[in-house]
Amino acid sequence: MTCAQSQQGMLVISNDNFLVGLLTGFCVANNFSFRSLPLANPLSINSVNRVCQVVLIDFRSQTSLAMAPHLDVLREINRQHGIPICAIYNQYDPDFPQSLPWVNYFNDADLISQLDRYLTQLIADEGNAYSERRNKERRSAMDRRGLPALTNQASNNHLFSLNHNVANVQKNFKLGPFDIDGNSRTVFCNGRDLALTAKEFKLFILLAEMHDQVCCTDRIIEKLWPNTRRANKSDLYQYMHLLRKKVENDPDNPLWVMTVKGVGYRLNTSKQGV
């Protein structure tokens with residue numbers, strides 16, 4: 001998930017320093033601004049910046065009574081400003097109540113992958129809404145200016161359509177046990193859908209483009225995070241770990257996504273990896 005709009009950000013309400021550090025790195029890698037508050041701090045509607053993209057609150061080891069004041073404020077934030085509210089809960093707590101319809105619930109297992117999928121869809125939905133507003137504005141402008149404006153707009157739209165189609169040509173191909181569907185952005189390994197997120201898919205394609213050759217670390221970072229200079233090898237290690245968890249039967253002993261120490265990574269597509 002890559003976000004190009006600098007005003008988008010995340011507010012995390014948690015006492016867990018490890019979680020805060022993990023999400024700080026996630027936000028840096030995805031061009032999100034980041035802010036955290038401890039659970040003990042009183043929360044008010046004005047304390048949440050209106051450009052905040054999403055609020056995450058840590059429900060782990062907290063009683064419902066203790067969380068009630070925060071939930072009252074967050075419900076109003078969601079109602080007044082439409083800011084999504086997400087709650088993190090303990091995966092080993094089977095009795096945790098997921099009862100609030102305005103809250104998106106994530107368990108703490110594989111949290112980064114869940115967030116990556118959620119925020120990718122959230123940004124895509126907002127992008128579609130923005131495009132619809134722009135189209136509506138253009139239609140209104142054409143109604144005011146008349147037929148000449150309509151003719152010019154049609155010409156521009158035709159050129160845009162051509163360029164857009166060229167830029168989005170997709171292809172399907174096979175590499176060893178991997179079947180890549182470029183249209184649906186899906187990768188199968190021996191017939192199994194790997195369910196890759198947007199950034200995991202991009203990472204896999206970067207390796208697939210140079211299959212059985214080494215793709216250097218710096219090149220991968222440049223391609224995965226083209227709009228920021230803050231991404232580093234630690235961010236790449238995190239996403240490589242997430243990719244291996246889906247590709248490999250044993251991520252600690254990979255057969256397909258290989259590390260070439262001091263250089264980068266290589267996608268092994270030979271039969272020797274079977």
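In this structure, Lys233 contributes its side chain and Thr217 its backbone to no donor-acceptor pair below 3.5 Å. A donor-acceptor contact shorter than 3.5 Å links the side chain of Asn268 to the backbone of Leu255. In terms of modelled atom types and a separation under 3.5 Å, the side chain of Lys245 and the main chain of Pro251 share no donor-acceptor contact. Put simply, the side chain of Asn172 gets close to the backbone of Gly182: a donor and an acceptor are under 3.5 Å apart.
Scored by the side chain to side chain contact (heavy atoms under 4.5 Å, CB included) test, Asn232 finds Ser234, Asp235 as partners (sequence neighbours excluded). For Asp250, the side chain to side chain contact (heavy atoms under 4.5 Å, CB included) partners are Asp252, Asn253, not counting sequence neighbours. The ring-ring contact (aromatic ring centres under 6.0 Å, His included) check on Phe204 picks up Phe178, with sequence neighbours excluded. Legend: residues meeting side chain to side chain donor-acceptor pair (under 3.5 Å) with Lys261, ordered by chain and number and at least two apart, are absent. Remark: Asp179 pairs with Lys174 by the salt bridge (charged side-chain N to carboxylate O under 4.0 Å, His left out) rule, at least two apart or across chains. When the side chain to side chain donor-acceptor pair (under 3.5 Å) test is applied to Glu248, no partner is found at least two apart in sequence or on another chain. The ring-ring contact (aromatic ring centres under 6.0 Å, His included) test applied to Tyr237 returns no partner, not counting sequence neighbours. For Arg75, the side chain to side chain donor-acceptor pair (under 3.5 Å) partners at least two apart in sequence or on another chain are Asp72. Contacts of Lys223 classified as salt bridge (charged side-chain N to carboxylate O under 4.0 Å, His left out), with partners at least two apart in sequence or in another chain: none. Listed by chain and number, the residues in a side chain to side chain donor-acceptor pair (under 3.5 Å) with Arg244 are Thr259 (sequence neighbours excluded).
Residues Leu196 and Met210 do not share a hydrophobic cluster, defined by chaining ILVMFWY side chains whose heavy atoms lie under 4.5 Å apart. Hydrophobic clustering keeps Met258 apart from Tyr265 (ILVMFWY residues linked when any side-chain heavy atoms are closer than 4.5 Å, directly or through intermediates).
Note that the CG atom of Asn78 and the CG atom of Leu74 stand 8.5 Å from one another [nearest 0.5 Å]. If you take CG on Leu236 and CG on Leu243, they are separated by 10.0 Å, rounding to the nearest 0.5 Å. Taking CG of Asp108 as the start and CG of Asp16 as the end, the distance is 9.0 Å to the nearest 0.5 Å. To the nearest 0.5 angstrom, Ile180 atom CD1 is 7.5 Å from Phe201 atom CZ. Rounding to the nearest 0.5 angstrom, the gap separating the CD atom in Glu200 from the CE atom in Met240 is 11.0 Å. Note: Leu175 CG to Glu209 CD = 10.5 Å, rounded to the nearest 0.5 Å.
The shortest non-hydrogen separation linking Leu19 to Ser14 is CD2-OG, 3.6 Å. Heavy atoms only, all atoms of each residue included: Val12 and Leu23 are closest at CG2-CD1, 3.6 Å. Between Ser44 and Val73, the closest heavy-atom pair is C-CG1, 3.6 Å. Contact between Val103 and Ala87 at its shortest, heavy atoms only, is CG1-CB, 3.6 Å. Nearest heavy atom pair, residue Cys215 against residue Ile220, reads SG-CG1, 3.5 Å. The heavy-atom pair separating Phe59 from Leu71 by the smallest distance is CZ-CD2, 3.5 Å.
Under a 4.5 Å side-chain heavy-atom cut-off, the cluster of Ile, Leu, Val, Met, Phe, Trp and Tyr residues that includes Phe188 has no other member. Using a 4.5 Å cut-off between side-chain heavy atoms of Ile, Leu, Val, Met, Phe, Trp and Tyr, Val260 falls into a hydrophobic cluster with Val214, Val263.
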Between Leu22 and Gln238, is a side chain to side chain contact (heavy atoms under 4.5 Å, CB included) present by the stated rule, with each step listed? CA-CA 10 Å; Leu22 182 70; Gln238 183 182 58; 3.3 Å; yes

Are Ile13 and Met67 close enough, and set up right, to give a side chain to side chain contact (heavy atoms under 4.5 Å, CB included), and what steps lead you there? CA-CA 11 Å; Ile13 306 170; Met67 301 299 287; over 6 Å; no

Can you list the steps and then say if Glu76 with Arg79 is a salt bridge (Lys or Arg N to Asp or Glu O under 4.0 Å)? CA-CA 5 Å; Glu76 282 302 302; Arg79 185 182 67 83; 2.7 Å; yes

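Counted by atom type alone, Thr186 and Asp181 present zero donor-acceptor pairs between their side chains at under 3.5 Å.
A heavy-atom distance below 4.5 Å is found between the side chains of Val247 and Leu194. The shortest side-chain heavy-atom distance between Ile57 and Leu39 falls under the 4.5 Å cut-off.
Within 6.0 Å of CZ on Phe173 lie more than 12 heavy atoms contributed by other residues, nucleotides or ligands.
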